[in-house]
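Data first, discussion second: the structure below is written as structure tokens.
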Amino acid sequence: MEGKLFIQGKWQGGDTFDVTNPADGSKVGTAVDAGSKETAEAVKAASEAFTSWSQKTAEERGKYLKKLQALMLEHRDELGELITKEMGKPLQEAKGEVEYAASFLEWFAEEGRRAYGDIIPSNARSKRFMVFKQPVGVVGAITPWNFPQAMVTRKVAPALAAGCTVVLKPAEDTPLSAVKFAELCEQAGLPAGVFNLVTGDAKGIGDELLNQEKVRKVTFTGSTAVGKHLMQGSAEHVKKISLELGGHAPVIVLNDADLDLAVAETAASKFRNAGQTCVCANRVYVQADVYEAFVEKFKEKAASMNVGDGMDTSNQLGPLINKEAYDKVDRHVKDAREQGAIVETGGEGFSKDGGWFYKPTVLSNVTHDMVMMEEETFGPVAPIQKVETVEEAVELANASRYGLAAYFFTENMKTGMHVAENLAFGIVGWNDGRPSAAEAPFGGMKESGLDREGGREGLEAFLETKYVSLGVK
Ligand code: ADP
């Protein structure tokens, strides 16, 4: 596949770079290696398209999004295969991602019609106070490789629904999924300039998005380090910014948990995408009475999972994105072992046909001094630590600079409400390891980010508040 840039409704070529399959190093295709010049063109196109797009009714914009949703579902298998080839996740998971991605288009197609303002009782008889909600302007969206389709729609759908126009820069590992999305935008008949795609040099494109005064909002999902850089860069023109950054999700399993449920949901959270999501379970705290039983059941579950090429449907885990990712996982596991962690299953990886794979790994006897209890591992490793009380579990869970997702398992309502209220995380799964949904606000506290995506809040992130005071005498 030859990916091109999509600017002002036209496809544009240029120098290219190779996109490779992390399972075997084979070439998936090429994408254009663009930089600041093309980004400036894309911003100009988005800026010119803004007036007419923002003046359409929300219902009109919603119709385009619904068309896009239908097209995405129609191409589910093809898009799923491309995701697996670009970033490795198992095909079933990839097709599931396409459905998840499409759900944002559907949700925001409707939610755009509910960008309600306010009428406020004024402080004088001669005045009327009104609040309008209006699109913020041109949006620069930067997305990561771990959800090549869903992270695109989670940003682009609410932006377009709100009446904004967009310049998207996808991750360099997965630009072709974004190119396919641009093709669907073209097929859906989106007016020229409303959605623009620029692939290539991350820093060149990113800095240009920051430099351009016309870009009024930057929305980013990725590492905390790059997020901080963008936040600083946004200061120059005081751009609005939404950030979905790293996470270090704790799982708490209490004595009165439904253990089978806790095992199944923790495994689903931990091993999805081979542990490469920002909401993947990163550390597991199990209360003493059920510690041994949980370790035993969880180990069995992990050991039953196969790792290999995601195109082979007998595999539940694909490769890691690259060798650096593998090295990080390996470093974390070695550090834990040196400090006394017990390898219950896994504990090693392998390289095959140029791909880097890590076995689903369960470590017990883990303590908070180990690197993986502080740093995001981004791999299929579940470290389990024994805790005595609910308070200890909550305290350890909160002892992180991150605050994205947390999970806990208890059948007791009172304990559950207490834990839910005291976890310093933006997303809490209570007896649920998979809380993400288009209808709900996704995002983190502390260094995990700013703002929310999805839900009502996801639209709000692309709206300005305008207060109008009308004199009536
Ligand atoms: P990760 O690769 O760990 O998910 P990154 O933050 O490196 O996290 O990547 C997320 C997105 O940010 C990608 O699209 C990447 O190309 C982009 N990116 C990386 N560096 C910069 C930068 N300096 N400015 C803007 N975007 C960047």
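FYI, side chains are in, hydrogens and waters are out, and symmetry mates aren't considered; it's all heavy atoms of this structure. Counting begins at 1 with the first residue of the sequence. Given the structure is predicted, the values throughout are model-derived calculations rather than measurements. We count ligands from 1, going down the list as the structure has it; atoms in each ligand are counted the same way.
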Contacts of Glu78 that satisfy side chain to side chain donor-acceptor pair (under 3.5 Å) - sequence neighbours left out = Lys180
Contacts satisfying side-chain hydrogen bond (donor to acceptor under 3.5 Å, both in side chains) that involve residues 98-108 (not counting sequence neighbours) are Arg76-Glu99
Please identify each residue that fulfils side chain to side chain donor-acceptor pair (under 3.5 Å) with Thr221, with sequence neighbours left out.
-> Lys155
Can we call the ring centroids of Phe181 and Phe195 under 6.0 Å apart?
-> yes
Between ligand 1 and the protein, tabulate every N or O atom pair separated by less than 3.5 Å, reporting distance only.
from     : atom 1 : to     : atom 2 : distance (Å)
ligand 1 : 2 (O)  : Trp145 : NE1    : 3.3
ligand 1 : 6 (O)  : Ser223 : N      : 2.9
ligand 1 : 6 (O)  : Ser223 : OG     : 2.7
ligand 1 : 8 (O)  : Ser223 : N      : 3.4
ligand 1 : 14 (O) : Thr143 : O      : 2.7
ligand 1 : 14 (O) : Lys169 : NZ     : 3.2
ligand 1 : 16 (O) : Lys169 : NZ     : 2.9
ligand 1 : 16 (O) : Glu172 : OE1    : 2.4

Is Arg331 salt-bridged to Glu375, cutoff N-O under 4.0 Å?
-> yes
Is a salt bridge present between Glu86 and Lys89, judged by a nitrogen-to-oxygen distance below 4.0 Å?
-> no
